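Below you'll find the structure, written out as structure tokens, and then a few comments.
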Amino acid sequence: MNKPFSGNNSRRDFVKGTSLLAGGILAAPLLSRANFFSGSDDTIKIAVVGCGGRGTGAAMQALSSKQNVKIVAMADAFKDNLDNCHKSLTEEINNSIGELAKRLDVPEERRFTGFDGYQKAIALADVVILATPPGFRPIHFAEAIKQGKHVFMEKPVATDPAGVQSVLATAAIAKQKKLNVVVGLQRHYQNSYRELFKRKDLIGDITSAQAWWNNDGVWVRPRKYNQTEMEYQMRNWYYFNWLCGDHITEQHIHNLDVINWFKGGHPVKAQGLGGRQVRNGKENGEIFDHHFVEFEYADGSILNSQCRHIPGTMSKVDELLVGTKGKIFCGAAHIKDHTGKLIYQYDTKLENNPYQTEHDELFAAIAKGEYKYADAENGASSTMTSILGRMATYSGQLIEWDKAINSGIDIHPKVYDWNAAPPVLPNADGYYPIAVPGVTKYF
Amino acid sequence: MKASSFIYAQENNFISYDQPLAGSNLRFKMVPIQGGDFFIGSAENEKGRNTDEGPQKKITIAPFWMSAYEVTRDELDVFLKDESTSQNVSVDAITRPSPQYVDLSWGMGKEGGYPANSMSQYAAIMYCKWLYQKTKIFYRLPTEAEWEYACKAGTTSAYFFGNNASDLDKYAWYEKNSENRFHKVGTKLPNPWGLYDMLGNMTEWTLDHYDASAFEKITNNEFKVAPSLVKYPKTLKGGSFLDPAMDLRSSKRIHSDPIWNRRDPQIPKSKWWLTEAKQVGIRLIRPLNQPTEEEIKQFFKAYLNL
């Protein structure tokens, strides 16, 4: 293929070049407004939707992507979150990359709060970072694609089967519109995992796998005087399934996703066990503190998955793939045969920062006007895998993929409003209803 | 070999002792380091020398005790699990680090004498503050000069055992023998003053903010580095289980870098834990002449802003 543009050409030149070449070698039609950067200069404008620690981190990585990018709008349900994010970004930019005014331009009138702020923020950008609690992802992703924007969205991409279906439908539209979508399952952007994946045939056919996310767990945000139930749940979101999906979805998805990636598909059924033995206070909402799930793939191979949030227990976050000829140890970044002989070792000194690479690659593609990334479908599939696991541990039943994904199960509020009732409510003592295996039923 | 004593010990009991750690059965050994003079930095003809190791300057060091071993994870865990201390708040004078998002010992070992690792310098100094509250004794990180003085132990060669890197295996865990992991503290031979793992195993935090041309500014045998709340770069010493022999030289200066926390996906990044510094550890000193309570308060204020 010939090289129509030199590396130094501006995006404006690219747009001109594209029109010259219309109908020529560039097969991909540039359908969306976002591809053209129709503003007065060639700056890529970013909106951050969800301004917590991770949203702020993602925003900083976008700014560090070496493209001409600027954050122009921010949205968060809470004003204090948004302002803290703006403050942290200001400090980070001043301390590292500099040129604050060129990077961060979000005056009060472009800071949007409440449940509907995202629509206004998205409208002002070319690229949208979606990093709210995952329960909102399907709605925000749909809006971003409807408005023709490229997307970086954090994992998981939903918390229930209805949300997964919504994301899959939106992913199809994103493809038609040639909008780049990167999902923050960052192991796909990590050198060691990419190199192991290239060599997966060294272990023959994958016959079983193990995945772990066992550690101490995460923060709790205590209830405060005068909070409505909706505000409390939005603040302490990790412990409510409509927002978080339980830790099997919110964290362990990373490990399940790796196994799906190497297997080239998703499980067809799951059964497992779980509960909440230690983390079981009122402040811990409705989620479990441990899950152990046996996932089965179409070829009969098994993934044993465990995730635990209990302080003082053995900590392990890793994946292991077992094949007919050997094993892939993801954490150690090596491959061994069944006698224990090392057959490949990734040089971990060459490891990258995958959180940065996600943004480097996404923004490079956008700057060049390329359509390269369509992660949403895989993101939805891995999200559904984790939800399948949750349904299995909550019910204690064998749960089939087809039945679960088509169940239409929707655990979201009917109305998003600070005074509306969330879908789960505490009893008179402040405790929330908890799933009980053998009693909780989905079908 | 013994350094000339510049400041004579004020107490008769300037001898080794084991410090019990309240809330556990653990004790850590402190050994006395007599005060004296030494030359900081390396000779210009030392193999592998970096320019920041010079010019060599004479420094006078006051006496202190130094921990014979690197701080272990068992010891640090007493702090991490001390329920009587608040966790990760910015208002209390002493606060425990937040839990690690993933296991930052990376499976290398946490119980039974493995070194503590992956902590920020801030977390290391907070540990000292917690120790002060528990023991009423002022422990702190060594300055770069104190560390190098104790490591060299009166020697002037590249390593405290001479210039021959092939002898390292007897004294240190480093790139060639570590198998890419840290090892239990004190499993190699000590230096002449009874300090284990000064070279290798963990690269150790000092108190000092790093300045490549710091030695040029040394006058009157005094190497003073002003406290700084700026996060990077800080000086570390000793090299680690990941490093080649050259980086284990007594005079080698290592400095922290933001890349050590690049894989923390959140902003603000954790002030407690480093995602890519599994080779970083702690060793403590106790100055023989303990500062006043007010001075100790000022010290922690200056380094922790608390």
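In what follows, every heavy atom counts, from backbone to side chain, and hydrogens, waters and symmetry copies are set aside. All of these numbers come straight from a predicted model, not from anything done at the bench. Every chain is numbered from 1, with letters handed out A, B, ... down the list of sequences.
In terms of the side-chain hydrogen bond (donor to acceptor under 3.5 Å, both in side chains) criterion, residue partners of B:S42 (sequence neighbours excluded) are, by chain and number, B:R49, B:E53. Residues satisfying the side chain to side chain contact (heavy atoms under 4.5 Å, CB included) test with B:Y171, not counting sequence neighbours, are B:F160, B:F161, B:L189. Residues satisfying the side-chain hydrogen bond (donor to acceptor under 3.5 Å, both in side chains) criterion with B:T206, sequence neighbours excluded, are absent altogether.
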Once you leave out hydrogens and angles, what donor-acceptor pairs under 3.5 Å do chain B and chain A share?
{"unit_1": "B:Y101", "atom_1": "O", "unit_2": "A:N215", "atom_2": "ND2", "d": "2.5"}
{"unit_1": "B:R262", "atom_1": "O", "unit_2": "A:N353", "atom_2": "ND2", "d": "2.9"}
{"unit_1": "B:R262", "atom_1": "NH2", "unit_2": "A:E351", "atom_2": "O", "d": "2.9"}
{"unit_1": "B:P265", "atom_1": "O", "unit_2": "A:R54", "atom_2": "NH1", "d": "2.6"}
{"unit_1": "B:Q266", "atom_1": "OE1", "unit_2": "A:R54", "atom_2": "N", "d": "3.4"}
{"unit_1": "B:I267", "atom_1": "N", "unit_2": "A:G53", "atom_2": "O", "d": "3.0"}

